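Below is one structure, written out as structure tokens; comments come after it.
Sequence positions, counted from 1, serve as the residue numbers for this chain. Treat the numbers as computed from the prediction; the structure is a model and nothing was measured.
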Amino acid sequence: MDATGNGGRDGSRVTITAIAREAGVSVPTVSRVVNGRSDVAPQTRARVEELLRRHGYRRRTGSGGDRAALLDLVFNDLDSPWAVEIIRGVEEVAHEAGVGVVVSAIHDRAGPARQWMRNLRARTSDGVILVTSVLEPLLHDELHRLGVPIVAVDPAGSPTLDAPTIGATNWAGGLAATEHLLGLGHRRIGFIAGPPRLLCSRARMDGHRAALAAAGVPVTEELTVPGDFYHAAGFAGCNRLLELPERPTAVFASSDQMALGAIEALRQRGLRVPQDMSVVGFDDLPEMRWASPPLTTVRQPLAEMGKMAARTVLGQARGEAPDSPRLELATELVVRASTAPPAD
């Protein structure tokens, strides 16, 4: 049995995707028939029911009724506090729906990704949430062949899955962070970028540069340094900025973890935040209010993104079409003690 049905008399696998293709209808329409929904035309229902019987499709049963029983939540890595926030949001919605959650990390490598796919087939998951994960094309095709509902959170690169995506207003967040620093009087602002393969990273950089352009401040390439969202990259990036002949008066890091790394680099050089340099992060992880000093940052609604992803994939599992192919939740600048006007 695969993720949406079981083999027919000849032992082959059948999916709602295959049934939909043969019936000439959409996958959600077949899902509505499978789940006993009433909002299907009688002739369409009869045609789909006949194909389901002919192929020996067996509906899943269990305490969840027409609800999904198990979700797969897949990350590239799990060694970041923001992953915990996503998990918290997904688990809250799943718990309310009586649905289990399996959490996996594939580390952008073919071996773990293929092993995860084998496990997915074995446990007949009802939906998959991909979080900043990259799957090779063959695995993309296999997910579609199985007919498993998919939602992508902060998709990496150009979306290759025909699936709804959940994100945040990263461009607006980058704009707000830089406008805040410009409003304080900073004109030489260092920027520690995130991984360029991620859409969210590129959007934060674009928002940062849009704010500079609107203020008539030229973009200086030497003030942009690479990063990967982790502490060490923030530490290294800030040190690189501090070695410039004319160092910046403020640093905008594309993640809270990199902002903390930047603060440590400043501390080791005997520089104070914000008296000698202002620092802004991005995410607003729960511990940022307890940083020293408390961090000014852009709040990304990570738990809400997880909740939205879970609601969307559970709706797909019930045969409901998503409200929009791309949902973006609002970011918000949170001003704390790590930013101040530049020193005279």
**Criterion salt bridge (Lys or Arg N to Asp or Glu O under 4.0 Å) on Lys307 and Glu91, from CA distance to verdict** = CA-CA 8 Å; Lys307 292 178 184 178; Glu91 198 282 331; over 6 Å; no
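- When hydrophobic clusters are built by joining Ile, Leu, Val, Met, Phe, Trp and Tyr residues whose side-chain heavy atoms come closer than 4.5 Å, directly or via intermediates, Val298 is not grouped with Phe229.
- With sequence neighbours left out, the salt bridge (Lys or Arg N to Asp or Glu O under 4.0 Å) criterion links Asp284 to Arg299, Arg336.
- Val280 approaches Ala177 most closely through the heavy-atom pair CG1-CB, 3.8 Å.
- Smallest separation of non-hydrogen atoms from Glu85 and Leu302: CB-CB, 3.7 Å.
- Hydrophobic clustering, with ILVMFWY side chains joined whenever heavy atoms are under 4.5 angstrom apart, groups Val151 together with Leu198.
- Summarising the geometry, atom CD1 belonging to Ile19 is positioned 5.5 Å from atom CG belonging to Leu51; distances are rounded to the nearest 0.5 Å.
- The side-chain heavy atoms of Thr296 and Val279, taken from C-beta on, include no pair separated by under 4.5 Å.
- Annotation: side chain of Asp154 is in contact with side chain of Asn170 (closest heavy-atom distance under 4.5 Å).
- Side-chain polar atoms of Gln316 and Glu320 form no donor-acceptor pair below 3.5 angstrom.
- Contact check for Trp116 versus Asp72: side-chain heavy atoms found under the 4.5 Å cut-off.
- Counting only residues at least two apart or in different chains, salt bridge (Lys or Arg N to Asp or Glu O under 4.0 Å) contacts with residues 237-248 comprise Glu243-Arg269.
- Under the side-chain contact (heavy atoms from CB on, under 4.5 Å) criterion, Ala337 pairs with Pro293, Pro294, sequence neighbours left out.
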**Candidate pair Ser255 and Asp283, rule side-chain hydrogen bond (donor to acceptor under 3.5 Å, both in side chains), full reasoning** = CA-CA 6 Å; Ser255 74; Asp283 285 332; 5.0 Å; no
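- Side-chain polar atoms of Arg326 and Thr165 form a donor-acceptor pair below 3.5 angstrom.
- Judged as a side-chain contact (heavy atoms from CB on, under 4.5 Å), and not counting sequence neighbours, the contacts of Asp79 are Asp77, Tyr230.
- Comment: Arg47 does not engage Glu50 in a salt bridge, judged by the lack of any side-chain N to carboxylate O separation of less than 4.0 angstrom.
- Minimum interatomic distance between Ala193 and Met205 (heavy atoms only, all atoms of both residues): CB-CE, 3.6 Å.
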**Message:** Please determine whether side-chain hydrogen bond (donor to acceptor under 3.5 Å, both in side chains) holds for the pair Glu264 and His231, giving the CA-CA distance in whole Å, both sets of side-chain angles, and the decisive distance to 0.1 Å.
**Reply:** CA-CA 9 Å; Glu264 178 59 18; His231 294 91; over 6 Å; no
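- Interatomic distance, CZ of Arg88 versus CD of Glu304, reported as 8.5 Å (0.5 Å rounding).
- Atom-to-atom distance recorded for Ile129:CD1 and Ile166:CD1 is 9.0 Å, nearest 0.5 angstrom.
- Cluster partners of Leu175, by chain and number: Trp171. The rule joins Ile, Leu, Val, Met, Phe, Trp and Tyr whenever side-chain heavy atoms lie under 4.5 Å apart.
- Residues satisfying the salt bridge (Lys or Arg N to Asp or Glu O under 4.0 Å) criterion with Glu287, sequence neighbours excluded, are absent altogether.
- Note on Ile86: it does not cluster hydrophobically with Val84, by side-chain heavy-atom contacts below 4.5 Å among ILVMFWY residues.
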